[in-house]
Structure formats: structure tokens, C-alpha cells
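Encoded as C-alpha cells, the structure appears first; notes follow it.
For the single chain, residues carry numbers from 1 onward in sequence order.
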Amino acid sequence: GVLCSGDDELAPFIPLLQDAQLSENSMLTFYQGNIEGVPAVALYSGVCKVNAAVAAQLLIDTYGCGAVINAGTAGAVAKERKIFDTVVATAAAYHDVEAEILTDFHPWLPDAFFQADKGLLELAKQAICQYNPPYPVVFGKMVTGERFIDDEEKRRIADAFHPMSVDMESASVAHVCYVNRIPFLAVRTMTDLAEGGAQALFEQNCRKAAAQSADFVRLMLKALRQRGA
């Protein structure tokens, strides 16, 4: 399953899907076909945690997806990250949910972070080694919350979680995958820097960043196909 938050983030995947068939469920449109010879279902969920969670559960229950990749864009939090760096999540957490809610109650996490799937992380590393993408790809933590955040909030998040990036969906997709015991990964390309002009830069850079994320997911699926899985 390939889950994007917005239509601009889904758009680069549409030409990649061969023999695509469309279906609708819960006010969402699902594109089912093959990417690089790998069966895939792609959609955009709409922005925010609940929308992404609904879409992720449908990918698992209705479409039988055995793994979910959350693809798209994000804002940089780490100062070393640059616009159009692509970040592959090693783990994802909510920056606006107290950790104890998830550690002391369902789903009883050991800490605040949902871990990315080790097999998918290895596949991402394989794609880098095999295809040497012409853009930076780095690995690190991501955090998720319900709103665009300003520079002061980014500094708070950086101190508390030490993530590479912030978005509105990745941790919720990871959450759904965790409770379903389904492999999760997020691939997000930066639209803005850790400080300054996040909203304006997002709108300016979204389409290019989304296309880059989609390209890296394509390379991962190409590597998966060549592996013979």
C-alpha cells in the first residue's frame, strides 16, 4: 500500500501504476495496479492523523496490503536537513500526544516511537546502493502532529524528539501498522527548512518534493522486484 496525504503527493504515482483499476471506499479513491511489476494500491487520504489512519486500515483490511509506505512531503526539523532531502523514517512518534497514553495504555509501546520495519529499511538501503538516486536520501526519526508549526514549535520538537522532520500523518500510519503487525515505512521529502517560512515554502516546493519521494518509492519497488520477492 502506498499512502499519501494529498492529491499533489499522489499525482506522481498515477503514471507509475500499470493496469490500474479504480475503486471507492469511505469517500476515498484507491488505485490498484502494479508499480515496477509489484502489486500496489495507492491513494491519498486527506490531511491529518485520523484520515491517514482510516486509509491505512482500509489498505490492510479491504485491499490485503502486506506492507504500507507513507510517501510524500514533510517539513525539516533537523537543522542539517535541506530542501529536497528525502528522509526515510527509522521511527515515527506523535509530537502532540503524551507518551504515557501509548506506553501505559493500548498499544503498550515500550517508548513514544513506532519503529519502521527493518526489512523495508534494508530495501531502502538496497535501492540507494543499486540505483544511486540523484538526490540526498537520509535515515532518521519523524514526528507527526495536527497542524503546521512555526519556528519556535520546531525548536521545542527538536529538543524533545530529535527528529529529522515533521508531518501530519506518518505516526498515525505507523500506529495502524503496529497494531495490525504490518510492516511500515515512511518516505518524505523536505519542502522547507528547520527555520523560516514553512507554509509558503511548502506550497512552492510540494510538487517537486512529492515527485522525488515517489521516485524513491519506485526505486524501492524496483529493487524488491529484482530481488524476486
Side-chain angles (χ1 to χ4, degrees), residues 1-17 31 35-36 40 42-49 51-52 55 68-90 92 95 116 120-121 124-125 127-128 131-151 153-154 157-158 163-174 184-222:
V2 177
L3 198 166
C4 305
S5 61
D7 53 351
D8 283 341
E9 292 167 309
L10 177 65
F13 285 101
I14 303 303
L16 301 178
L17 280 157
Y31 296 76
I35 300 176
E36 293 290 344
L43 81 155
Y44 78 90
S45 63
V47 175
C48 90
K49 293 183 286 192
N51 282 333
V68 178
I69 297 176
N70 181 214
T73 65
V77 175
K79 291 184 178 180
E80 65 271 22
R81 295 280 59 83
K82 296 178 174 61
I83 293 173
F84 303 128
D85 283 359
T86 293
V87 176
V88 177
T90 56
H95 68 74
L120 290 177
L121 287 170
K125 294 174 183 177
I128 295 169
Y131 305 116
N132 190 27
Y135 41 80
V137 181
V138 298
F139 294 78
K141 296 176 180 177
M142 296 181 179
V143 292
T144 293
E146 292 284 24
R147 64 187 186 278
F148 277 97
I149 56 176
D150 59 22
D151 293 349
E153 184 75 353
K154 280 190 177 183
I157 290 169
M164 291 282 185
S165 64
V166 61
D167 61 66
M168 298 186 189
E169 298 84 22
S170 61
S172 59
V173 180
F184 156 81
L185 193 69
V187 177
R188 298 267 187 160
T189 299
M190 303 300 96
T191 57
D192 56 84
L193 302 173
E195 295 185 358
Q199 179 72 54
L201 286 171
F202 168 78
E203 294 173 359
Q204 176 181 327
N205 297 322
C206 178
R207 290 186 180 181
K208 180 177 177 180
Q212 192 168 295
S213 289
D215 182 67
F216 188 68
V217 173
R218 178 187 67 82
L219 294 180
M220 287 181 60
L221 296 180
K222 185 175 180 180

With a 3.5 Å cut-off and sequence neighbours excluded, list the donor-acceptor pairs that the side chains of residues 132-141 form with protein atoms.
residue	atom	partner	partner atom	Å
Y135	OH	D215	OD2	2.6
Y135	OH	F216	N	3.3

Shortest non-hydrogen contact between [X] and [Y], atoms and distance:
{"X": "Y44", "Y": "S5", "answer": "CD1-O, 3.7 Å"}
{"X": "P12", "Y": "P15", "answer": "O-CD, 3.4 Å"}
{"X": "V88", "Y": "A124", "answer": "CG1-CB, 4.2 Å"}
{"X": "A52", "Y": "S45", "answer": "CA-OG, 3.6 Å"}
{"X": "D8", "Y": "C206", "answer": "CB-SG, 4.0 Å"}

What is the distance from atom [atom1] of [X] to atom [atom2] of [Y], rounded to the nearest 0.5 Å?
{"X": "T189", "Y": "Q212", "atom1": "OG1", "atom2": "CD", "answer": "4.5 Å"}
{"X": "E80", "Y": "L193", "atom1": "CD", "atom2": "CG", "answer": "11.5 Å"}
{"X": "L221", "Y": "I69", "atom1": "CG", "atom2": "CD1", "answer": "5.5 Å"}
{"X": "N51", "Y": "M168", "atom1": "CG", "atom2": "CE", "answer": "11.5 Å"}

Show your reasoning for whether side-chain contact (heavy atoms from CB on, under 4.5 Å) applies to L43 and L3. CA-CA 6 Å; L43 81 155; L3 198 166; 4.2 Å; yes
Is the closest side-chain heavy-atom distance between [X] and [Y] below 4.5 Å?
{"X": "N70", "Y": "F184", "answer": "yes"}
{"X": "I149", "Y": "H95", "answer": "yes"}
{"X": "M220", "Y": "L185", "answer": "yes"}
{"X": "M190", "Y": "K82", "answer": "no"}

Name the one of E9, R188, K208 that satisfies side-chain hydrogen bond (donor to acceptor under 3.5 Å, both in side chains) with T73? E9
Are the side chain of S172 and the backbone of E169 linked by a donor-acceptor contact shorter than 3.5 Å?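 Yes.
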Check: T191 side chain, N205 main-chain N or O, donor-acceptor pair, under 3.5 Å: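 Between the backbone of N205 and the side chain of T191 there is no qualifying donor-acceptor contact (under 3.5 Å).
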Going by the side-chain contact (heavy atoms from CB on, under 4.5 Å) test, name the single residue among D167, V166, V173 that passes it with S170.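 Answer to the side-chain contact (heavy atoms from CB on, under 4.5 Å) test with S170 among D167, V166, V173: D167.
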